[in-house]
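This one's a predicted model, so the numbers in the text were calculated from it and none came from an experiment. Side chains included, hydrogens not; waters and symmetry mates left out as well; all remaining heavy atoms used. Just so you know, ligand 1 is whichever comes first in the structure, and atom 1 is the first atom listed for that ligand.
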Amino acid sequence: MYKMEKNIAVLKGDGIGPEIVNEAIHVLEAVADRFGHRFHYQFADMGGVAIDNTGDPLPQETVDICEQADAVLLGAIGDPKFDNNPDAAVRPEQGLLKIRKTLGLFTNVRPVKIYTTLEHLSPLKSERLQNVDMVIYRELTGGIYFGEKTKGANSASDLCSYNKGEIERVAKLAFDEATRRRHKLCLVDKANVLETSRLWRKVVQEMSAHYPEVEVSYLFVDNAAMQLILNPSQFDVILTSNMFGDILSDEASILGGSIGLLPSASFGTKYRLYEPVHGSYPQAKGKDIANPIATVLSVAMMLRDFGMAKEATIVEAAVEDCIRLNITTEDINKEDASKCSEVGKALCNLIRGQSMHSTVRNLNP
Ligand code: IPM
Ligand code: MG
């Protein structure tokens, strides 16, 4: 008998997706062994690989598998053969946008954390990185990403629209998170120019009355982009729309030295999907050099949502140990890089509580 059993839909996707997801699954298996759980995996195609196999970036079978699972684990999607062709009829990204919409994943959570031992890799001076600990709440199923699109010979348009309900439901989750954290929420918008942003501000102002213990601030997105570099420790919870959240989360991700470290969770009322913030890094495909940590930390977020808080903490501690022991991939370790699979193996050994020395060459050259 297992303590807990969970069904996980796995979408490995494109580029480095399969490699990083394989390591994340090894980590899940190490957790299962240590704690007496059982995870069942259902694999399905999405993105470029699904286009190649079926012509459709999100086949119905994939949707069915995701809807039947307790959680979805996604690697990454995207392939340059589509990016460089503006006339491509189907694109891998359509699969990702459609799964977010179909599963109703209106909130995307992206925590940003700095590892002290990696501070030297940050483009910022280390004094600016002290006390940086923020989480971005990005609206994920509305705004300019999903508005009506038109395309003429010499003109094109993308409509940005939001309604009150769409703003309220993600804002509520962000306010709740702020009450669990340092009680600060910053709404990032462009309310000096955009009607949608003025609606965001109005809704958030109204809601703030119900959260007197949360200190709410407002920043225009251009200023926020600057503040993230100038004084990143001022942020606790950032709440923002789909497009601004996309841009700011990439910006925030390099504070810690590599986008390869940042996990994310997306959810609505029913389904949950976990994926690294980074993309499919096609240049590294098949080379076993990609950083699996963002995906492994996404798995930690999944475990916590399964009610496995201790398991999640152990995975996060293993990641910290790997970083401290310098068992890391080349994006954060130029001198003595480990392979993606070696980092995965070291994480599993740490989780299983086994000795590192027998398996990890960095410690036993
Ligand atoms: C992200 C990605 C996606 C987005 C792309 C791949 C469509 O950049 O998850 O941040 O823009 O949402
Ligand atoms: Mg992005």
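- Taking every heavy atom of R138 and a limit of under 4.0 angstrom, the matching atoms of ligand 1 come to 1 (C), 4 (C), 9 (O), 10 (O), 11 (O), 12 (O).
- For H278, the closest heavy-atom approach to ligand 1 does not fall below 4.0 Å.
- Note on E320 versus K113: salt bridge recorded, some NZ/NE/NH1/NH2 to OD/OE distance being below 4.0 Å.
- Between E93 and ligand 1, no N or O atom pair is found at a separation short of 3.5 Å.
- If you look at R110 next to ligand 1, the close heavy atoms, those under 4.0 Å, all belong to the side chain.
- Counted by atom type alone, H26 and E29 present zero donor-acceptor pairs between their side chains at under 3.5 Å.
- Among protein heavy atoms, atom 11 (O) of ligand 1 sits closest to Y145 OH, 2.5 Å.
- Of the possible donor and acceptor atoms, none in the side chain of S280 sits under 3.5 Å from a partner among the backbone N and O of G15.
- Note: T196 OG1 to N242 CG = 11.5 Å, rounded to the nearest 0.5 Å.
- Taking backbone and side chain together, D246 holds an N, O or S atom under 2.8 Å from the Mg ion (ligand 2).
- Comment: K164 engages E206 in a salt bridge, judged by a side-chain N to carboxylate O separation of less than 4.0 angstrom.
- Residue I323 is tested with L118, V343, N333 for a side chain to side chain contact (heavy atoms under 4.5 Å, CB included); the sole match is L118.
- The protein non-hydrogen atom at the shortest distance from atom 9 (O) of ligand 1 is R100 NH2, 2.7 Å.
- Protein heavy atom in closest approach to atom 8 (O) of ligand 1: D246 OD1, 3.2 Å.
- For ligand 1, none of its N or O atoms has an N or O atom of E275 under 3.5 Å away.
- At distances below 3.5 Å, at least one donor-acceptor pair connects side-chain atoms of K101 with backbone N or O atoms of T141.
- Counting heavy atoms closer than 4.0 Å to ligand 1, residue M243 contributes nothing at all.
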